[in-house]
Amino acid sequence: MRNGLHLFFGISCLAFLSGCSNGKFDTANLFPSIPDVINARNWEGQPLQSAVAEFGEPTDIVEDSSGHPVARWRYIRTWSSSTSYNTLSAGPGPGGVTVTPNSVQSTRTLECRLELTYDQSNTITNFKTWKSYPGGCNDYSFARPGS
């Protein structure tokens with residue numbers, strides 16, 4: 001009984017973490033990264049103007065679900081790649097083999113957002129990043145100067 005319970009719990013955890021439960025599980029933003037935890041500690045409580053001086057004007061300002069203003073900086077990169085491969089099949093070619101060349105083009109977009117919630121005195125109350133996929137903000141540094 002005890003081993004069965006452990007097995008059930010283990011499979012349930014794997015299904016949850018792999019996203020099998022809904023097919024749209026967001027692992028990129030499930031847990032804050034270590035740099036996010038450090039940066040949050042250094043930016044929260046600072047004036048919003050310090051972030052504007054460091055990162056430039058925000059891309060946009062929105063409201064969170066509680067009505068607090070959130071300054072957002074969006075960093076978007078797009079790149080294309082091409083994969084080539086051959087398909088082998090029986091046919092009239094040399095040795096009875098036909099070689100068919102194939103190529104697949106793909107375009108990917110990476111988005112990293114810095115989101116700083118602030119209060120009426122323009123003091124940063126919450127630091128958060130949003131990533132379009134895990135590691136999506138790895139190429140950007142949001143460290144506060146002098147911290």
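For this chain, numbers begin at 1 and follow the sequence in order. In this text the structure is predicted, and so the values were computed from the model without any measurement. Below, each value reflects all heavy atoms present in this structure, side chains not excepted, and no hydrogens, waters or symmetry copies.
- If you check the side chains of T100 and T87, you find no donor sitting under 3.5 Å from an acceptor.
- The CG atom of N86 sits 7.5 Å away from atom CG of N102, with the distance rounded to the nearest 0.5 Å.
- For the pair T125 (side chain) and T117 (backbone), a donor-acceptor distance under 3.5 Å is present.
- Heavy-atom minimum distance, V104 versus Y85: CG2-CE2, 3.9 Å.
- Aromatic ring orientation, F55 versus F142: perpendicular (interplanar angle above 60°, classes split at 30° and 60°).
- Here CD1 of I34 is found 12.0 Å from CG of N39. Values are rounded to the nearest 0.5 Å.
- C112 approaches G136 most closely through the heavy-atom pair CB-O, 3.5 Å.
- K131 NZ to S33 OG: the interatomic distance, rounded to the nearest 0.5 Å, is 5.0 Å.
- Put simply, the side chain of Q46 does not reach to within 4.5 Å of the side chain of T123, judged on heavy atoms.
- No continuous path of ILVMFWY side-chain contacts below 4.5 Å connects I38 to W43, so the two sit in separate hydrophobic clusters.
- Geometrically, R144 does not engage F127 in a cation-pi contact, judged by NZ or CZ lying under 6.0 Å from the ring centre and within 45° of the ring axis.
- In this structure, OH in Y118 is found 11.5 Å from NE2 in H68, a value given to the nearest 0.5 Å.
- Taking every heavy atom of both residues into account, T109 and S132 meet most closely at O-OG, 3.8 Å.
- Listed here is the closest heavy atom pair of P134 and A28: N-CB, 3.3 Å.
- A donor-acceptor pair is defined here as one N or O able to donate and one able to accept, closer than 3.5 Å; no such pair exists between the side chain of W73 and the backbone of D60.
- The shortest non-hydrogen separation linking I61 to P69 is CG2-CB, 4.4 Å.
- Cluster membership check: Y140 shares its hydrophobic cluster with Y133, using side-chain heavy-atom separations under 4.5 Å among Ile, Leu, Val, Met, Phe, Trp and Tyr.
- The minimum heavy-atom distance between L116 and A51, with the atom names listed, is CD1-CB, 3.5 Å.
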Q.
I'd like to know whether R41 forms a salt bridge (Lys or Arg N to Asp or Glu O under 4.0 Å) with D36, so could you lay out the CA-CA distance, the side-chain angles of the two residues, the decisive distance to 0.1 Å, and finally the verdict.
A. CA-CA 9 Å; R41 188 186 72 219; D36 286 348; over 6 Å; no
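- The closest side-chain donor-acceptor pair between S103 and S82 falls under 3.5 angstrom.
- With a 4.5 Å cut-off on side-chain heavy atoms, R74 and E111 count as touching.
- Taking CZ of R77 as the reference point, atom CG of L110 lies at 5.0 Å (rounded to 0.5 Å).
- Put simply, L48 and V70 are part of two different groups of oily side chains (I, L, V, M, F, W, Y) that touch within less than 4.5 Å, one to the next.
- Cluster annotation: I124 is not connected to W130 through the hydrophobic network of ILVMFWY side chains, with a link wherever side-chain heavy atoms come within less than 4.5 Å.
- In this structure the side chain of T98 never reaches within 4.5 angstrom of the side chain of L88, judged on heavy atoms.
- To the nearest 0.5 Å, the span separating CZ on R72 from OG1 on T129 amounts to 13.0 Å.
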Q) Checking side-chain contact (heavy atoms from CB on, under 4.5 Å) for the pair N126/E44: CA distance, chi angles, key distance, verdict? A) CA-CA 6 Å; N126 188 36; E44 290 171 1; 3.5 Å; yes
